[in-house]
Number of protein chains: 2
Amino acid sequence: MKTEAAQSRRRRAPEATRLALVEATIDLVRTAGVHATTVDRICATAGVTKGAFFHYFPSKEDVLEAAILHWCQGRVELYGRDLGDTADDPLVRLERMLDGLAASVRVPGEKTACLLGMVAQELAGSNNRVRTLCERMLEGWTDFVAGLLAEAKRRHPPAVDFDPRDVAWMLNSLWQGSLLAAKTRRDPELVAANLEHARAYLSGFFDKRSPP
Amino acid sequence: MKTEAAQSRRRRAPEATRLALVEATIDLVRTAGVHATTVDRICATAGVTKGAFFHYFPSKEDVLEAAILHWCQGRVELYGRDLGDTADDPLVRLERMLDGLAASVRVPGEKTACLLGMVAQELAGSNNRVRTLCERMLEGWTDFVAGLLAEAKRRHPPAVDFDPRDVAWMLNSLWQGSLLAAKTRRDPELVAANLEHARAYLSGFFDKRSPP
DNA sequence: CCCCCAGCATACCATTTGGTACGTATGAAA
DNA sequence: TTTCATACGTACCAAATGGTATGCTGGGGG
């Protein structure tokens, strides 16, 4: 961890310090959950003191929200690259997305956990502010996938009809549940196996070869 | 909450007191998570004092484990009833299971949360004892479903081959993820919709009508 | 009838936690 | 060169938390 904010202690680098705190939060929450991630530990991981922490964030809840935003933005960028050109066939882009997701849990040092899932599971029942934010983020991702599915329907009239948003939510749910199960079993390959089922299910809709 | 253990304060009812503590733990953890569920709150909900708590459980982790065991036993009994006779067609029993799961989130006062999922999400990365217990419980459920699927394969040779355990893990993952998403969106119907996709996927395997 | 131990209740404790008060260093502007 | 707001660091605090020590109490065995 210990970003450059640690070394350049008294050197002014506000953005770097803030980012270090946000990334430390992401890292800690993903491994231990929200409540087990204390402000002190965030500071220690980021290499700054409490004074710095509360200079940037009025409360612990505020770093959490910043962390969620930063995390989701990062994921959008990551998967966005994987998907390739927007002009490509939506079905191909969908395939690339599944490949990208499977690949993301196979990265050696990477934890098998989604920040959004961790936070939502822990706080959805008790903190409505955070719950709403998680809902918005989940919805964003689902909308994107639903868009791909809708475009795929238009370009490749499916053999069986389906509701894009409905299917997108199913994929999102399966993804979250897969991470949960994989982490519990300590077997990232479970995610890949589940994504293969998702792929098979999707291909069931479009199974007659369609014109380019 | 407040079970009869509250009223019969000085009345000796060891089993009732223990059960009250376990059920209070289940209830609280399902809504707020593990770390947010304090020993004090468990005691208050169960209507007993800390002295009683530590008389039955050496530590907080021990109630948690007892809660997990009790919860899983309760679920096995609940769904066991829904499935009907063991001699029935496994495919029919599978359908009943999906119906039972969908129904379980529609119960009016019921929370949209699985104790196992909550605990696993929060502790799998930090507490190996509890993680292992959760893994065993998840595996138990998966084995059961895999057994049904294997029996279904035997009785109704499927059009497309599949690995029962693999599919069972997928269903388990989808279930957990659906609860997570439904809780975040505050929409239990999402679970039902996702289970319909599961049903459709399964029927894809057995889609040619087979003899009774 | 008395004793004694399981089954609680009460009071307390050390540590941790989120948060505050306030001091100090830095660099850019005047 | 002085000024001054920003960007931190240090020292502290009240509350919460998991856990302990110890005392009381009722009912079943002797």
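The sequence lines fix the lettering, A, B, ..., with proteins before strands; numbering per chain opens at 1.
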message: Within the 4.0 Å heavy-atom criterion, would you say Arg18(B) contacts the bases, only the backbone, or no part of the nucleic acid?
response: nothing
task: Mind running salt bridge (Lys or Arg N to Asp or Glu O under 4.0 Å) on Asp27(A) and Lys111(A) for me, showing each step along the way?
output: CA-CA 9 Å; Asp27(A) 195 53; Lys111(A) 303 173 221 305; 3.3 Å; yes
Counting only side-chain nitrogens and oxygens, does [X] get under 4.0 Å of the OP1 or OP2 atom of [N]?
X: Tyr56(B); N: dA6(C); answer: no
X: His55(B); N: dC8(C); answer: no
X: Arg41(B); N: dA16(D); answer: no
X: Thr17(A); N: dC8(D); answer: yes

- prompt: If you check every side-chain atom of Thr38(B), which of dC8(D), dG18(C), dT17(D) has the closest atom?
  reply: dT17(D)
message: Please find the pair of heavy atoms, one from Ala46(B) and one from Ala20(B), that lie closest to each other, and give the distance.
response: CB-O, 3.6 Å
Length of the line joining [X]:[atom1] and [N]:[atom2], which is rounded to integer Å:
X: Phe53(A); N: dA11(D); atom1: CZ; atom2: P; result: 20 Å
X: Ile42(B); N: dG18(D); atom1: CD1; atom2: P; result: 8 Å
X: Asp40(B); N: dT20(D); atom1: CG; atom2: P; result: 14 Å
X: Lys60(A); N: dT20(C); atom1: NZ; atom2: P; result: 15 Å
X: Phe54(A); N: dC22(C); atom1: CZ; atom2: C1'; result: 15 Å
X: His35(A); N: dA16(D); atom1: NE2; atom2: C1'; result: 13 Å
X: Glu15(B); N: dA6(C); atom1: CD; atom2: P; result: 15 Å

- request: Can you check whether any acceptor in the base of dG18(C) is under 3.5 Å from a donor in the side chain of Lys50(A), or vice versa?
  value: yes
- prompt: Cationic tip of Arg30(B) within the cone over Trp71(B)'s six-membered ring, i.e. under 6.0 Å and within 45° of the normal?
  reply: no
message: Pick the closest DNA chain C nucleotide for Ala36(A) and for Gly51(A) by heavy atoms, then say which residue is nearer the 5' end.
response: Ala36(A)
message: Under 4.0 Å between a side-chain nitrogen and a carboxylate oxygen: does that hold for Glu135(A) and Arg131(A)?
response: yes
message: Parallel, tilted or perpendicular: which one describes the rings of Phe206(A) and Phe162(A), with boundaries at 30° and 60°?
response: perpendicular
